[in-house]
*Asks:* 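So that we are looking at the same thing, I have put the structure below in structure tokens.
Counting convention: from 1, in listed order, for ligands and their atoms alike.
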Amino acid sequence: MRNITDRSFIKQLLKRSGQISLVRRSKFNTFSKGNKNELVTDVDIEIGRYIYNQISTKYPKDAIKCEDGSITKNGSNSIVWYIDPLDGTTNYIHGLPFFAISISRYDRKKSFFLSSGTYIPFYDQLFIALGGTITELNGQQIKVSDNKRLKKSLILTGMSLNVKENGKEAKKFMRISSISAGTRRTGSAALDLCYVASGFADAYYHFDLKQWDFAAGCHLVINAGGRISNINSISNFNFSEGTILATNGLLHKELYRELAE
Ligand code: IPD
Ligand code: CA
């Protein structure tokens, strides 16, 4: 099957990118993207270009959307790759090891994830999702937690860079913190979603994300038995709406109600 053949390709892209990120951890240049908190490094750009070139050569008809380096192309079929060359760039800049490289191949016509992978280089954790069934961490099948109660759940989240928006988000953060077992903010959406897929945490939400931040993570969570929706609409998931709620499935309605209020 076409998606299965992607396993070694995705693994090779992620491992090589991870190597670049680790080797360059102490020697990189940082640039502003406009907003004072929105930064990019030349490592984001180098990894983005590497992945883009590899994908364009192997899958010339596919579209590519990449966070950094302004490398985006329209394809001639319904398939698109979402690439986040370094998710958690601010962590990377400060030396905090919570950063990840994330790739997802998605069929827009069929609304179906073909193959995805996220690599957390510092911890050598490689997450792969293939077709509708396989979800692995370093080759071992993973699944979401079986926690049914929000009161006992650990919730991951992030906040938007837009400081004006943070008032509302901060209130939600306080509310969810007070009714769950705790909330954590790692600074990498891609990493957070991997940890929901593997049951290390029970749910994740974020108000303002881009497709490359969460595409691979959605695939992982769905294949691991979890559930995905937007924060303001539980019935389906609109990819370009920008909000995301990802849970083990069992907590979805309760957390959705709390966030939507
Ligand atoms: C960011 C991270 C962070 C999220 C931000 C994203 P970047 O991506 O995923 O967790 O809160 O909204 O922009 O800029 O580090 O690739
Ligand atoms: Ca990102």
Side-chain angles (χ1 to χ4, degrees), residues 14 17-18 20-21 24-25 28-52 64-72 81-104 116-122 127 155-170 172-173 176 183-197 200-201 203-221 228 230-231 239-246 259:
L14 291 173
S17 302
I20 297 172
S21 71
R24 299 218 37 212
R25 247 182 121 210
F28 57 84
N29 296 300
T30 305
F31 312 95
S32 167
K33 281 187 182 177
N35 183 321
K36 79 173 168 56
N37 288 329
E38 213 173 338
L39 301 170
V40 62
T41 70
D42 50 1
V43 180
D44 297 63
I45 294 165
E46 182 182 338
I47 294 174
R49 293 215 172 112
Y50 161 70
I51 296 175
Y52 179 93
I64 302 179
K65 287 186 193 290
C66 177
E67 176 167 23
D68 295 303
S70 312
I71 38 181
T72 284
W81 288 82
Y82 294 106
I83 306 169
D84 199 332
L86 209 52
D87 188 62
T89 300
T90 301
N91 289 346
Y92 185 81
I93 291 168
H94 288 267
L96 195 65
F98 306 144
F99 57 88
I101 297 122
S102 198
I103 310 173
S104 184
S116 307
T118 297
Y119 185 49
I120 304 168
F122 193 85
F127 293 82
I155 314 297
L156 305 179
T157 188
M159 283 190 200
S160 59
L161 293 169
N162 186 342
V163 190
K164 282 187 195 149
E165 292 296 313
N166 280 350
K168 181 182 109 196
E169 293 179 27
K172 293 287 177 194
F173 182 84
I176 302 301
T183 36
R184 300 287 182 270
R185 185 189 179 195
T186 70
S188 166
L191 176 147
D192 288 334
L193 286 161
C194 286
Y195 289 171
V196 172
F200 300 165
Y204 172 75
Y205 72 88
H206 199 300
F207 281 91
D208 179 23
L209 279 186
K210 297 285 188 303
Q211 289 140 344
W212 41 68
D213 296 310
F214 59 66
C218 285
H219 192 182
L220 287 158
V221 170
I228 303 285
N230 297 114
I231 291 181
F239 228 62
S240 39
E241 193 255 3
T243 70
I244 180 169
L245 172 60
L259 287 167

*Asks:* Below 6.0 angstrom between ring centroids: does that apply to F214 and F239?
*Replies:* yes
*Asks:* Can you name the side chain to side chain donor-acceptor pair (under 3.5 Å) partners of T157, sequence neighbours left out?
*Replies:* none
*Asks:* Quick check on K172: does its NZ atom have over 12 non-hydrogen neighbours (other residues, nucleotides or ligands) under 6.0 Å away?
*Replies:* yes
*Asks:* For N230, is there any backbone N or O sitting under 3.5 Å from a side-chain donor or acceptor partner on E241?
*Replies:* no
*Asks:* Do the side chains of I83 and W212 get nearer than 4.5 Å, heavy atoms only?
*Replies:* no
*Asks:* Are F28 and Y92 side-chain neighbours, meaning at least one heavy-atom pair lies under 4.5 Å?
*Replies:* yes
*Asks:* What protein N/O/S atoms are there under 3.0 Å from the Ca ion (ligand 2), waters excluded?
*Replies:* E67 OE1, D84 OD2, D87 OD1, D213 OD1
*Asks:* Is a side-chain donor or acceptor of D213 paired with a backbone partner of A189 at a separation under 3.5 angstrom?
*Replies:* no
*Asks:* Any idea which residues sit under 4.0 Å from ligand 1, heavy-atom distances?
*Replies:* E67, D84, L86, D87, G88, T89, M159, G187, S188, A189, H206, D208, L209, D213
*Asks:* Name every donor-acceptor pair, under 3.5 Å, that has one atom in a side chain of residues 96-104 and the other anywhere in the protein, sequence neighbours excluded.
*Replies:*
unit_1 : atom_1 : unit_2 : atom_2 : d
S102   : OG     : T118   : OG1    : 2.9
S104   : OG     : S116   : OG     : 2.8

*Asks:* Determine, for D42 against R24, whether the closest basic-nitrogen to carboxylate-oxygen distance falls under 4.0 angstrom.
*Replies:* yes
